[in-house]
Peer 1: 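This is the structure, below, for whatever I ask next.
Here is the naming used below: chain letters follow the sequence lines, and residue numbers restart at 1 for every chain.
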2 protein chains.
Amino acid sequence: MHALSDPVRISIVAELRKAEEGLNCVETTSRLKCTMPKSTCSQHYRILRESGIIHSERRGVELTSKVRRKELDSRFPGLLDAILKAWRREHGE
Amino acid sequence: MHALSDPVRISIVAELRKAEEGLNCVETTSRLKCTMPKSTCSQHYRILRESGIIHSERRGVELTSKVRRKELDSRFPGLLDAILKAWRREHGE
DNA sequence: TTCTATTGTTCGGTAATTGTGAACTAAAGA
DNA sequence: TCTTTAGTTCACAATTACCGAACAATAGAA
């Protein structure tokens, strides 16, 4: 819950869900159009990773991350959908 | 989301949902069996109130709070249920 | 009314958390 | 090897949360 309570992290998760093939830090920040230092981005990804929300995989020089949909849906059915739906409602899009 | 990301606040909301007639700060802390100074409890209630999750009403010397079920369910259908369900799963009960 | 007990809020200082730049590591290609 | 790109780690600054003390509000007793 804490991992998803931060507005930046929720928007990262929302972007990751839209991108089938996953995203890396640089792509994420450019899509979010928010100027965020890479150290900050790295921290957010670390929190999402350690809380089990995303899974990251190295592809050459970059790190591609995806939302762990299946694991989340089986453990907490409907949770992520409800949170993202609520977030979209508040933040347009 | 931020209001519900704190473990103490989630457990307060869980207790409030169980109590039909609402609870005040003192009752809440005793039910949660956590030693929490009243100033801290007051802060948590304030955050829950300002985020629109609970509604508080003065009854004599005490302040009785209830979860705003209808408003939350109509604005964010399924959200609170999903969060509380996930929380119970992690914290037993 | 005045005193007392109870409930909750506000305020200020401290503790804990978060954000960020600088230095560093890892991989790939010239 | 040197360079470039992507991300991590570390240390410190900035922000936020916690908590005790003083305060406000209500109700009942004296």
Peer 1: Would one find a side-chain N or O of B/His44 under 4.0 angstrom from OP1 or OP2 of C/dG8?
Peer 2: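 So the side-chain polar atoms of B/His44 never come under 4.0 Å of the phosphate oxygens OP1 or OP2 of C/dG8.
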
Peer 1: Nearest whole Å is fine: how far is D/dT8 P from A/Tyr45 OH?
Peer 2: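 Result: 10 Å.
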
Peer 1: Check A/Ile53, A/Ile54, A/Leu48 against A/Arg9 for a side chain to side chain contact (heavy atoms under 4.5 Å, CB included) and give me the one that passes.
Peer 2: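 For A/Arg9, the side chain to side chain contact (heavy atoms under 4.5 Å, CB included) test succeeds with only one of A/Ile53, A/Ile54, A/Leu48, which is A/Leu48.
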
Peer 1: Between C/dT9, C/dT20, D/dT8, which nucleotide has the shortest distance from any of its atoms to the side chain of A/Leu63?
Peer 2: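 The answer is D/dT8, which lies nearest to the side chain.
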
Peer 1: Under 4.0 Å between a side-chain N or O of B/Thr40 and OP1 or OP2 of D/dC18?
Peer 2: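 B/Thr40 to D/dC18 OP1/OP2: no side-chain N or O under 4.0 Å.
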
Peer 1: Using the rule side chain to side chain contact (heavy atoms under 4.5 Å, CB included), only one of B/Cys41, B/Ser65, B/Ser30 pairs with B/Cys25; which is it?
Peer 2: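 Filter result, single survivor: B/Cys41.
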
Peer 1: Salt bridge (Lys or Arg N to Asp or Glu O under 4.0 Å), that's the test. Do A/Glu90 and A/Lys85 meet it? Break it down for me.
Peer 2: CA-CA 9 Å; A/Glu90 293 296 279; A/Lys85 215 166 144 191; over 6 Å; no

Peer 1: Expressed as a whole number of angstroms, how long is the span from A/Met36:CE to D/dA6:P?
Peer 2: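 Between P of D/dA6 and CE of A/Met36: 14 Å.
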
Peer 1: If you assign each of B/Cys41 and B/Val61 to its closest nucleotide in DNA chain C, which residue comes earlier from the 5' end?
Peer 2: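 Its nearest nucleotide lies further toward 5', so the answer is B/Val61.
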
Peer 1: DNA chain C: A/Arg59 or B/Ser42, which has the more 5' nearest nucleotide?
Peer 2: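 Going by which nucleotide is closer to the 5' end, it is B/Ser42.
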
Peer 1: Just the rounded figure in Å: distance from P of C/dA27 to CG of A/Asn24.
Peer 2: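 Spelled out: CG on A/Asn24 to P on C/dA27 is 16 Å.
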
Peer 1: Rounded to whole Å, how long is the line connecting atom CD of B/Glu57 with atom P of C/dG8?
Peer 2: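 So the two atoms are 13 Å apart, to the nearest Å.
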
Peer 1: Establish whether B/Leu63 and B/Val26 are linked, either directly or via other cluster members, by ILVMFWY side-chain heavy-atom contacts under 4.5 Å.
Peer 2: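 No.
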
Peer 1: Does A/His2 make a side-chain N or O approach to OP1 or OP2 of D/dA17 shorter than 4.0 Å?
Peer 2: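 It does not, given that no N or O in the side chain of A/His2 lies less than 4.0 Å from OP1 or OP2 of D/dA17.
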
Peer 1: Atom CG of B/Leu48 and atom P of C/dG8: how far apart are they, to the nearest Å?
Peer 2: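 Whole-Å distance recorded here is 14 Å.
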
Peer 1: Tell me the interatomic distance from B/Arg46, atom CZ, to D/dA24, atom P, rounded to whole angstroms.
Peer 2: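 That distance rounds to 19 Å.
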
Peer 1: Nearest of C/dT9, C/dT7, C/dT10 to any side-chain atom of B/Glu62?
Peer 2: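 In terms of side-chain proximity for B/Glu62, the closest of C/dT9, C/dT7, C/dT10 is C/dT7.
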
Peer 1: Please tell me if A/Arg49 has a side-chain N or O lying less than 4.0 Å from either OP1 or OP2 of D/dG7.
Peer 2: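 No, no such contact exists.
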
Peer 1: Would you kindly give the CD1-to-C1' distance between B/Ile12 and C/dG8, to the nearest whole Å?
Peer 2: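 For the pair B/Ile12 CD1 and C/dG8 C1', the rounded distance is 14 Å.
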
Peer 1: Please determine whether a side-chain nitrogen or oxygen atom of B/Ser39 lies at a distance below 4.0 Å from atom OP1 or OP2 of D/dG20.
Peer 2: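 For D/dG20, neither OP1 nor OP2 has a side-chain N or O of B/Ser39 closer than 4.0 Å.
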
Peer 1: When you compare the side chains of A/Arg68 and A/His55, does any donor N or O come within less than 3.5 Å of an acceptor on the partner?
Peer 2: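 No.
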
Peer 1: Taking atom P of D/dC10 as reference, at what distance in whole Å does atom NZ of A/Lys38 sit?
Peer 2: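 The distance from NZ of A/Lys38 to P of D/dC10 comes to 16 Å, rounded to the nearest Å.
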
